[in-house]
Amino acid sequence: MPANKSVLVLPGDGIGPEVMEQVQRVMGWFEAKEAVSFAVDEELVGGACYDAHGVSITDETMDKAMNLDAVLFGAVGGPIWDDVPREHRPEAGLLRLRKDLDLFANLRPAIVMDAMVDASTLKPEVVKGLDIMILRELTSGVYFGEPRGEQTLEDGTTRVVDTQSYTEDEIVRVLRVGFELARKRNNKLHSAEKSNVMETGAYWRKIAGRVAAEEYPDVEFEHILADNCAMQLLRDPHQFDVIVTDNLFGDILSDEAAMMTGSLGMLPSASLGAEDPVTGARRAMYEPVHGSAPDISGQGKANPLAMLLSFAMMLRYSFDLGTEADMVEKAAQNVLNEGYRTGDIMQDGCTQVTTEEMGTKLLQELDRLSA
Ligand code: NAD
């Protein structure tokens with residue numbers, strides 16, 4: 001059996017623990033098959049951590065996040081913590097993880113499984129078989145640039161400022177992740193910016209072109225304006241494989257691409273940090289795109305597939321276990337093909353299942369696939 005993979009499990013609040021429980025069953029399945037062995041450390045995060053320790057993440061947990069191989073994150077937040085001071089809000093724990101681990105590369109796949117083709121608001125012939133990846137720069141750009149905020153002008157009126165800023169290194173490192181991803185997929189990368197109207201866009205384009213020519217001549221590469229990219233995603237998404245873009249455009253384009261696939265309960269994500277120059281390992285965190293869904297928590301209604309598909313991304317990107325990741329993804333597809341659905345993706349003629357039943361169906365599929 002391959003050496004222990006150390007994983008920090010942070011279930012969080014609301015449906016977070018419910019969907020994470022299904023992942024832990026799948027980890028147990030892999031261990032029972034002696035396929036992979038996980039060394040799991042489980043800690044509180046978000047509102048649950050605030051209730052226990054008065055902070056949304058403890059320094060001890062941060063220490064583990066910095067030192068273990070990967071972090072699996074459920075979801076945080078809920079109305080009962082609405083009055084908690086801003087610096088201790090449940091979301092602060094998530095932001096601290098992203099910031100301190102320097103998770104600059106956010107990977108959001110948009111995959112339309114055949115069984116889910118009708119869940120998209122786009123025509124089936126446009127989205128059928130879709131499998132693209134949006135790569136968003138996550139730790140710089142206009143969400144972090146200084147100066148920012150309101151200023152009072154001499155005439156007493158107000159001016160408000162955000163600053164879009166990127167360094168050469170910040171652009172190069174996320175571009176490299178994009179090219180490496182493309183090489184492992186269909187070898188095609190689009191870099192999206194607004195070079196026609198923004199200084200940062202023109203610089204981004206220059207650097208992207210240089211990295212493409214000097215380091216990745218084998219990858220098919222194209223520049224695209226971000227507004228055209230948004231349009232082309234709806235017109236003909238199959239023209240794309242990997243799209244790399246900045247923090248702001250990535251926020252928008254990844255939500256647009258994700259919603260082609262139907263439901264929030266199906267969307268995984270990965271956030272990667274810099275490569276260790278000696279070991280080649282990257283800090284990494286895997287989490288579903290959805291939140292803690294307080295409206296359905298505790299009722300067995302949560303769809304665990306986004307969390308399970310995030311776990312599959314962890315197998316692929318942190319542990320290089322592509323075969324095992326494929327198995328989890330295939331098992332999820334088969335369960336859907338057999339017509340099992342949680343409430344959020346329920347369709348006529350399908351069988352509605354609970355969170356736990358969905359986990360059980362997935363384990364049965366894994367048994368079948370490995371037989
Ligand atoms: P949400 O994603 O929690 O829920 C939006 C809607 O989608 C709800 O109707 C919910 O029931 C449904 N939904 C979400 N995930 C589902 C799943 N797996 N299965 C079935 N249905 C699902 O977003 P929200 O309602 O805007 O936010 C609720 C709380 O979650 C807030 O406190 C918010 O701050 C927090 N939040 C956390 C994260 C995170 O931890 N990464 C992300 C987004 C929102």
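Indexing begins at 1, ligand by ligand and atom by atom, following the structure's order. In this chain, numbering begins with 1 at the start of the sequence shown. Computed over heavy atoms, backbone and side chain alike; hydrogens, waters and symmetry mates excluded.
Taking a distance limit of 4.0 Å, we find that atom 24 (P) of ligand 1 is approached by no protein heavy atom. The protein reaches atom 19 (N) of ligand 1 closely, with a heavy atom under 4.0 angstrom from it. Distances from atom 9 (O) of ligand 1 to the protein include at least one heavy-atom value under 4.0 Å.
In summary, the atoms of ligand 1 found under 4.0 Å from a heavy atom of A302, numbered by their order in the structure, are 19 (N). Near E91, meaning under 4.0 Å from one of its heavy atoms, ligand 1 places the atoms 32 (O), 33 (C), 34 (O). Near V76, meaning under 4.0 Å from one of its heavy atoms, ligand 1 places the atoms 30 (O), 35 (C), 36 (N), 37 (C), 40 (O). Listed by number with element, the atoms of ligand 1 under 4.0 Å from a non-hydrogen atom of L94 are 39 (C), 41 (N). Near D344, meaning under 4.0 Å from one of its heavy atoms, ligand 1 places the atoms 19 (N), 20 (C), 21 (N). Shown in contact with G265 at under 4.0 Å from a heavy atom are these atoms of ligand 1, numbered in order with element: 17 (C), 18 (N). Less than 4.0 angstrom separates some heavy atom of A75 from each of these atoms of ligand 1: 40 (O). Atoms of ligand 1 lying under 4.0 Å from any heavy atom of G78, numbered from 1 in the order shown and given with element: 32 (O).
Only the side chain of L264 comes within contact range of ligand 1, with a heavy atom under 4.0 Å; no backbone atom does.
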Would R108 and D255 count as a salt bridge (Lys or Arg N to Asp or Glu O under 4.0 Å) here? Give the steps. CA-CA 9 Å; R108 294 258 304 257; D255 271 13; 2.8 Å; yes

Using the ring-ring contact (aromatic ring centres under 6.0 Å, His included) rule, take W81 and Y50 through it: C-alpha gap first, then chi angles, then the decisive distance, then the call. CA-CA 9 Å; W81 297 287; Y50 178 78; 8.1 Å; no

As a quick check of understanding, evaluate side chain to side chain contact (heavy atoms under 4.5 Å, CB included) for T61 and D59, giving each step before the final call. CA-CA 5 Å; T61 302; D59 291 343; over 6 Å; no

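Ring orientation note: the planes of F311 and F30 are tilted relative to one another, at an angle of 30° to 60°. The aromatic rings of F179 and Y216 sit parallel, their planes meeting at an angle under 30°, below the 60° perpendicular limit.
When G46, A293, S297 are ranked by how near their heavy atoms come to atom 4 (O) of ligand 1, first place goes to A293. Of the candidates P294, G77, G291, it is P294 that places a heavy atom closest to atom 28 (C) of ligand 1.
A salt bridge between K301 and D344 is absent, with no side-chain N of the basic residue lying under 4.0 Å from a carboxylate O of the acidic one. Residues D102 and R283 are not paired through a salt bridge, judged by the lack of any N-O separation under 4.0 Å between the basic side chain and the carboxylate.
Considering backbone and side-chain atoms alike, I296 places every N or O at 3.5 Å or more from each N or O of ligand 1. Geometrically, ligand 1 and K301 share no nitrogen or oxygen pair separated by less than 3.5 Å.
Both tests pass for R173 against the ring of F104: distance under 6.0 Å to the centre and angle within 45° of the axis. In this structure, K361 forms a cation-pi arrangement with Y340, its terminal cationic atom sitting closer than 6.0 Å to the ring centre and no more than 45° off the ring axis.
The residue from E42, E18, M307 that alone fulfils the side-chain contact (heavy atoms from CB on, under 4.5 Å) condition with P11 is E42.
Given atom 14 (C) of ligand 1, the protein heavy atom at minimum distance is H290 CB, 3.7 Å.
Counting heavy atoms from C-beta outward, D276 and R282 have side chains that stay 4.5 Å or more apart.
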